[in-house]
Amino acid sequence: MEISKVYDPAASESKWYQYWLDHQFFKSVPDEREPYTIVIPPPNVTGVLHMGHMLNNTIQDILVRKARMEGKNACWVPGVDHASIATEAKVVQKLRKEGIKKSDLSREDFLAHAWEWKNKHGGIILEQLKKLGASCDWDRETFTMDPEYSRSVIDTFIDLHKKGLIYRGKRMVNWDPSAKTAVSDEEVIHKEVNSSLYHVRYQIAGTTDEWVTIATTRPETILGDTAICVNPKDERYTHLHGKKAIVPLVNREIPIIADEYVDMEFGTGCLKVTPAHDVNDYDLGVKHNLEVIDVLNEDGTMSGAATLYIGEDRFDVRKKIAADLKASGHLVKQEPYNNKVGYSERTDVPIEPRISLQWFVKMQDFSKPALEHVMNDDVQFWPPKFKNSYRNWMENVKDWCISRQLWWGHRIPAFYYGPGENDFVIAVNEIEALQMARNNSGLDLQAADLRQDEDVLDTWFSSWLWPISVFNGFYNKEEVDYYYPTNDLVTAPEIMFFWVARMIIAGYEYRGEKPFKNVYYTGIVRDQQGRKMSKSLGNSPDPIELMKVYGADGVRAGMLFSSPAGNDLLFDEALCEQGRNFSNKIWNALRLVKSWEPEERSQPEVAALAIEWMDNRFSQVIEEISDHYSKFRMSDMLMTCYKFAWNDFCSWYLEAVKPAYGERIDHDTLAKVTAHFEKLLKLLHPILPFITEEMWHLLAERKTPAEALVVAPWPQANAVDHDFTEGFNRATDAITQLRNIRKQNNIPNKEPIEVYLRGDADSDVRFYPLFSRLVNVSAVHRNVDMPAQAFTFVTGAAEYAVPFGDTVDAEGQVDKIKEELIYTKGFLQSVQKKLSNERFAQNAPEKVLEIERKKESDAIAKIALLQEKLSAMGVIF
RNA sequence: GGGCGAUUAGCUCAGUUGGUUCAGAGCACCUGCCUUACAAGCAGGGGGUCGUAGGUUCGAAUCCUACAUCGCCCACCA
């Protein structure tokens with residue numbers, strides 16, 4: 001059969017992916033086998049494939065494919081997340097382009113648009129994952145707003161509320177003025193910014209020219225000041241206690257209070273207190289019973305309560321008010337200042353602390369089991385260093401704000417029936433709510449009297465149920481009992497708190513069991529300059545384009561070449577090229593083997609040797625790979641495969657068994673080589689699924705789909721004959737040296753050489769056939785007089801000599817031997833010095849002493865050999 | 001401000017309990033080869049006082065201390 005000279009990924013990839021789908025190799029149903037389960041970290045429904053997904057899903061696919069080949073019931077559940085903020089923003093944007101404002105739409109109409117958008121554009125990413133080769137069970141595709149999934153979210157809310165773990169309260173929350181919603185602490189990113197520190201003086205009430213100066217970075221909130229605060233120990237201000245100050249511009253009188261909270265060192269030692277717009281000020285306000293004046297609207301403009309600048313944006317007002325304060329003589333000075341400001345992760349606008357009525361989950365006790373089970377490794381983190389920050393967070397966990405002022409998501413099942421803050425019921429639907437409301441209130445309420453909470457739940461309040469709800473585990477035990485707990489979770493450390501921690505919490509709460517055994521944290525994919533790849537920087541290559549150029553297999557390998565667990569990955573397209581080259585290498589190995597025509601003839605010795613060596617090497621490599629897998633060292637796993645395939649399999653093994661030019665191969669050897677090649681393809685399949693499946697079918701005829709590589713049994717390691725492999729290695733070392741002699745002396749490969757040697761082990765004689773095959777040695781003379789005029793080298797205890805030909809630089813040889821002699825003498829000296837050290841002799845373990853003595857005797861022997869050599873060449877040294 | 005981690009070849013990184021599997025790998029680089037599987041290749045080669053300074057030890061890339069540089073996470077100093 002003619003095999004094309006170059007592997008064509010495009011044709012092969014679509015062909016085999018369809019083949020795998022057609023024969024349902026990715027499908028999983030519970031059976032008697034051991035399950036192996038991964039749930040995908042659901043990408044945003046709005047998402048498109050980026051390099052982070054590539055890394056993440058390549059790793060998951062490798063794990064799943066290996067488990068499948070190991071005979072486990074492998075199940076990889078795909079799906080997408082409704083991502084309320086991101087999706088709603090996207091839909092709002094799209095509507096705006098069409099000239100429709102969200103505020104002009106009813107909730108129902110908006111949601112209709114959102115669903116339309118979701119059905120049309122959502123989940124592109126899943127189609128892209130198929131290109132990558134992701135072997136997900138697509139029949140299990142889940143969306144976090146599927147009916148059953150939604151039901152589990154609402155039921156969970158109801159359950160936790162019953163348990164007293166969910167409450168509604170007026171709190172200071174992180175307000176995103178762009179998305180006009182509260183966001184959780186985890187969604188706030190603190191950035192260092194250059195701003196100004198404004199020193200503003202307030203007149204003391206009842207005086208004509210007495211002032212107190214405060215320092216602030218946010219002068220626009222002056223309009224909401226309800227106190228000035230000083231430290232009670234601060235003697236500079238003792239005289240002000242109990243007095244009042246006048247807020248500039250609005251001339252409102254506010255009390256001057258004293259509290260330890262104020263840092264006397266900072267600024268002027270006087271703090272303006274704005275309870276509505278700062279967390280600390282809020283706490284102070286509660287403590288000192290201060291008035292709360294909210295001067296900002298939900299979109300970040302000044303509210304009516306501000307009385308000035310109404311409707312203008314907070315940042316415009318900051319500039320204006322500074323100017324106005326200056327004009328009125330209140331601005332004492334303005335100095336540059338660096339501080340940290342919280343930004344919204346989603347919209348990247350500065351977060352506004354804002355008091356509002358929100359829903360919270362009490363986390364303190366609720367999260368305890370999740371901390372314990374990670375610390376004792378019931379849930380194992382890879383790499384384990386992440387346990388530290390996990391503990392840090394979990395020990396200081398705060399209540400989780402779960403309400404969002406959005407429409408896209410799971411609507412909070414709270415129904416209000418009266419004006420009071422507690423006039424509500426939590427119910428699964430309106431009918432039940434009405435019944436409960438009637439009971440609670442004792443009134444004859446009608447459906448129209450009920451008003452459901454306008455807010456939806458934080459997206460993570462649904463994704464934390466993912467490992468349970470993808471199996472419909474709240475309502476049907478069969479599947480969840482089989483697949484849960486899942487095995488490995490592969491995700492980014494960035495969402496350890498958002499998602500991982502909360503899944504563990506939910507897992508123990510609702511299953512009494514961990515959601516997964518291992519969490520593998522991948523690094524962040526960065527560009528060559530170490531910058532995180534992002535759309536806005538435009539430094540992220542399009543994965544789909546990369547796959548077109550290098551093939552999906554090439555890109556998969558490229559992602560893995562540099563991704564140690566938990567370390568960031570500096571992505572370089574050259575790595576994909578390396579992956580592509582690797583594909584090409586094994587492809588050509590196939591072409592070579594397929595070109596061999598067998599015939600009846602005896603097996604050459606060299607082939608028998610190489611085959612035995614390959615058998616042993618496979619066992620070693622399988623062990624090594626298995627160790628890497630067990631520790632999630634994917635990069636090392638790939639590198640082991642890479643070096644084994646390239647160096648051992650192609651460079652040594654195939655070269656050794658390759659029939660001489662024009663000759664045919666014997667049947668036994670071809671059969672063994674084919675079997676070895678199959679084994680190699682199995683080891684490579686999880687990494688390079690497409691090309692290996694293609695080659696698998698080219699290598700031999702496969703009669704039924706059940707014989708496809710994707711479900712072929714994973715190879716097992718056998719006992720290794722170390723004497724044999726070490727002897728073989730000595731022979732290949734010698735071959736390298738002999739090749740070097742050829743090269744340095746321009747002895748062409750076609751010209752046979754003769755080798756003299758002595759001092760090697762008797763058992764190594766069996767490897768001599770390798771010399772003739774691999775460096776064209778025509779004869780090996782053992783234990784005879786060594787030729788005086790020769791190139792020599794010594795490995796271990798064996799001395800090799802290749803007699804000079806006609807034209808040779810004998811001088812150079814002598815220098816080389818001298819150099820080695822000097823080095824060896826120095827080495828001997830250091831060893832002997834160590835051995836003669838009494839304290840070393842007394843303290844070092846016997847094993848180490850033995851090694852040192854062996855070094856000594858080897859060195860002495862080598863020196864003798866070299867000196868003999870020199871005198872034979874007529875040199876006195 | 002608190003915590004965690006890192007620093008080994010030009011680059012990206014291995015180096016498991018201190019001792020011949022300790023100074024390694026891949027890429028890049030240099031030299032010679034278009035040798036009919038593969039130039040996306042073959043064969044060979046050079047390259048590091050293991051961040052700095054001390055300490056412990058018979059012995060330190062490995063353990064301890066300080067310092068320097070970088071990164072990450074957490075945190076309400078206006």
Side-chain angles (χ1 to χ4, degrees), chain A residues 3 5-7 172 185 190 197-198 214-218 221 229 261-263 265-274 278-283 337 339-340 342 353 383 385-393 396 493-494 496-497 524 528 530 550 554 561-564 566-570 572 574-575 577-596 627 631 633 635-636 638-640 642-643 646 650-651 654-655 658 661-662 736 739-744 746 748-750 775 834 837-845 847-849 851-852 854-855 858:
Chain A
I3 299 173
K5 189 165 178 179
V6 178
Y7 168 65
M172 187 133 259
D185 291 341
H190 293 273
L197 189 61
Y198 301 85
I214 57 91
T216 180
T217 54
R218 303 204 52 195
T221 63
C229 190
Y261 165 75
V262 177
D263 180 355
E265 305 299 317
F266 187 89
T268 61
C270 289
L271 174 71
K272 73 182 204 62
V273 184
T274 321
D278 184 280
V279 180
N280 303 300
D281 291 12
Y282 179 73
D283 293 341
Y337 185 66
N339 65 339
K340 294 236 174 145
K385 67 173 180 186
F386 286 113
K387 283 164 77 176
N388 282 326
S389 41
Y390 182 82
R391 185 182 59 213
N392 209 317
W393 190 77
N396 300 295
E494 303 166 303
M496 180 159 51
F497 308 127
I524 293 166
Q528 281 297 288
Y550 302 105
F561 270 123
S562 176
S563 59
N567 279 18
D568 284 359
L569 173 154
L570 291 190
D572 186 344
L575 295 175
E577 194 180 338
Q578 197 184 343
R580 194 250 337 240
N581 293 355
F582 184 43
S583 299
N584 182 60
K585 181 69 189 179
I586 59 173
W587 180 258
N588 277 289
L590 178 76
R591 289 182 58 223
L592 175 66
V593 171
K594 291 303 287 182
S595 73
W596 292 340
D627 184 53
K631 295 176 176 129
R633 300 165 69 137
S635 211
D636 295 327
L638 167 62
M639 199 42 79
T640 300
Y642 179 85
K643 286 192 283 186
W646 202 303
C650 292
S651 296
L654 291 184
E655 291 300 332
K658 185 196 242 177
Y661 182 64
T736 301
R739 282 174 174 164
N740 198 9
I741 287 175
R742 274 187 180 284
K743 182 164 167 79
Q744 288 181 348
N746 293 317
N749 281 326
K750 284 173 201 143
V775 268
K834 195 190 266 190
N837 182 330
E838 257 178 58
R839 295 217 266 175
F840 173 73
Q842 278 169 13
N843 295 324
K847 196 187 85 190
V848 174
L849 280 173
I851 289 163
E852 292 300 318
K854 176 85 169 34
K855 278 197 220 172
D858 280 358

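Because the structure is predicted, anything quoted here is derived from the model rather than measured. Order of the sequence lines sets the chain letters (A, B, ...), proteins ahead of strands, with each chain counted from 1.
Atom CG of A:Leu590 and atom NZ of A:Lys585 lie 13.0 Å apart (nearest 0.5 Å). From A:Asp281, atom CG reaches atom OG1 of A:Thr221 across 7.5 Å, with rounding to the nearest 0.5 Å.
Atoms NZ (A:Lys643) and C1' (B:G26) sit 7 Å apart, rounded to a whole Å. In this structure, CG of A:Asp627 is placed 15 Å from P of B:A14, rounded to the nearest angstrom. When the C1' atom of B:C42 is taken as reference, atom CZ of A:Arg742 falls 15 Å away, rounded to whole Å. B:A28 atom P lies 7 Å from atom CD of A:Gln578, rounded to whole Å. In this structure, CG of A:Leu569 is placed 9 Å from P of B:C13, rounded to the nearest angstrom. Distance, A:Leu575 CG to B:U12 P: 12 Å, rounded to whole Å. Distance, A:Asp572 CG to B:C11 C1': 9 Å, rounded to whole Å.
Contact annotation: A:Ser389 side-chain N/O to B:G3 OP1/OP2 distance is not under 4.0 Å. Between A:Tyr642 and B:C27, a side-chain N or O to OP1/OP2 separation shorter than 4.0 Å is present. Dashed line: the shortest gap from a side-chain N or O of A:Asn740 to OP1 or OP2 of B:G45 is under 4.0 Å.
Distance from the side chain of A:Arg633 is smallest for B:A14 among the nucleotides B:A14, B:G44, B:A25. Comparing B:C73, B:G44, B:C27 against the side chain of A:Phe497 picks out B:C73 as the nearest.
Taking the side chain as every heavy atom from C-beta outward, A:Arg218 and A:Asp278 never approach each other to under 4.5 Å. Residues A:Asn584 and A:Tyr7 have side chains not in contact (no heavy-atom distance under 4.5 Å, counting atoms from C-beta outward). Taking the side chain as every heavy atom from C-beta outward, A:Tyr261 and A:Asn280 approach each other to under 4.5 Å.
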Pairs under 3.5 Å (N/O, protein and nucleotides 37-40 of chain B):
from: B:A37; atom 1: OP1; to: A:Lys658; atom 2: NZ; distance (Å): 3.4
from: B:A37; atom 1: O2'; to: A:Asn588; atom 2: OD1; distance (Å): 2.7
from: B:A37; atom 1: O2'; to: A:Arg591; atom 2: NH1; distance (Å): 3.0
from: B:A37; atom 1: N6; to: A:Glu655; atom 2: OE2; distance (Å): 2.9
from: B:A37; atom 1: N3; to: A:Asn588; atom 2: O; distance (Å): 3.0
from: B:A37; atom 1: N3; to: A:Ala589; atom 2: N; distance (Å): 3.3
from: B:C38; atom 1: O4'; to: A:Asn588; atom 2: OD1; distance (Å): 3.0
from: B:C38; atom 1: O4'; to: A:Asn588; atom 2: ND2; distance (Å): 3.4
from: B:C38; atom 1: O2'; to: A:Asn584; atom 2: ND2; distance (Å): 3.0
from: B:C38; atom 1: O2; to: A:Lys585; atom 2: NZ; distance (Å): 3.0
from: B:C38; atom 1: N3; to: A:Lys585; atom 2: NZ; distance (Å): 2.9
from: B:A40; atom 1: O4'; to: A:Asn581; atom 2: OD1; distance (Å): 3.1
from: B:A40; atom 1: O2'; to: A:Asn584; atom 2: ND2; distance (Å): 2.6
from: B:A40; atom 1: N3; to: A:Arg580; atom 2: NE; distance (Å): 3.3

Scan nucleotides 30-35 of chain B against the protein and return all N/O pairs shorter than 3.5 Å with their distances rounded to 0.1 Å.
from: B:U31; atom 1: O2; to: A:Lys743; atom 2: NZ; distance (Å): 3.4

Could you go through nucleotides 22-24 of chain B and list every protein N or O atom that sits under 3.5 Å from one of its N or O atoms, giving the distance for each pair?
none

Would you list the protein and nucleotides 4-10 of chain B atom pairs, both N or O, that sit under 3.5 Å from each other?
from: B:C4; atom 1: O3'; to: A:Asn388; atom 2: ND2; distance (Å): 3.3

Give me the distances for all protein-to-nucleotides 76-78 of chain B N/O pairs that come in under 3.5 Å?
from: B:C76; atom 1: O2'; to: A:Asn280; atom 2: ND2; distance (Å): 3.2
from: B:C76; atom 1: N1; to: A:Asn280; atom 2: OD1; distance (Å): 3.2
from: B:C76; atom 1: O2; to: A:Asn280; atom 2: OD1; distance (Å): 2.5
from: B:C76; atom 1: O2; to: A:Asn280; atom 2: ND2; distance (Å): 3.0
from: B:C76; atom 1: N3; to: A:Asn280; atom 2: OD1; distance (Å): 3.4
from: B:C77; atom 1: O2; to: A:Asp263; atom 2: OD2; distance (Å): 3.2
from: B:C77; atom 1: N3; to: A:Asp263; atom 2: OD2; distance (Å): 2.8
from: B:A78; atom 1: OP2; to: A:Tyr337; atom 2: OH; distance (Å): 2.9
from: B:A78; atom 1: O2'; to: A:Ala215; atom 2: O; distance (Å): 3.4
from: B:A78; atom 1: N6; to: A:Asp263; atom 2: O; distance (Å): 2.7
from: B:A78; atom 1: N6; to: A:Phe266; atom 2: O; distance (Å): 3.2
from: B:A78; atom 1: N1; to: A:Asp263; atom 2: N; distance (Å): 3.3

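Checked against salt bridge (Lys or Arg N to Asp or Glu O under 4.0 Å), A:Asp627 has the following partners two or more places apart in sequence or in another chain: A:Lys631. With sequence neighbours excluded, the residues that form a salt bridge (Lys or Arg N to Asp or Glu O under 4.0 Å) with A:Lys387 are A:Asp377. Residues forming a salt bridge (Lys or Arg N to Asp or Glu O under 4.0 Å) with A:Asp636 (at least two apart in sequence, or on another chain): A:Arg633. For A:Arg742, there are no salt bridge (Lys or Arg N to Asp or Glu O under 4.0 Å) partners two or more places apart in sequence or in a different chain. Partners of A:Lys5 by side-chain contact (heavy atoms from CB on, under 4.5 Å), not counting sequence neighbours, listed by chain and number: A:Arg591. Shown here are the ring pair (Phe, Tyr, Trp, His ring centres under 6.0 Å) partners of A:Trp393, two or more places apart in sequence or in another chain: A:Phe497.
B:C33 and B:A39 are spaced 10 Å apart, taking the C1' atom of each and rounding to whole Å. As rounded to the nearest Å, B:G15 and B:A61 have C1' atoms that lie 8 Å from one another. For the P atoms, the distance linking B:G46 with B:G10 amounts to 16 Å, nearest Å.
Here A:Ser583 lies out of heavy-atom contact (under 4.0 Å) with every strand.
Side chain of A:Thr216 to backbone of A:Lys272: no donor-acceptor contact under 3.5 angstrom is found.
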Practice prompt. Whenever both distances are under 3.5 Å in a Watson-Crick or G-U wobble pair, mark it; put RNA chain B into dot-bracket that way, with [ ] for crossing pairs and | when the partner is on another strand.
Written response: (((((((..((((.....[....)))).(((((.......))))).....(((((..]....))))))))))))....
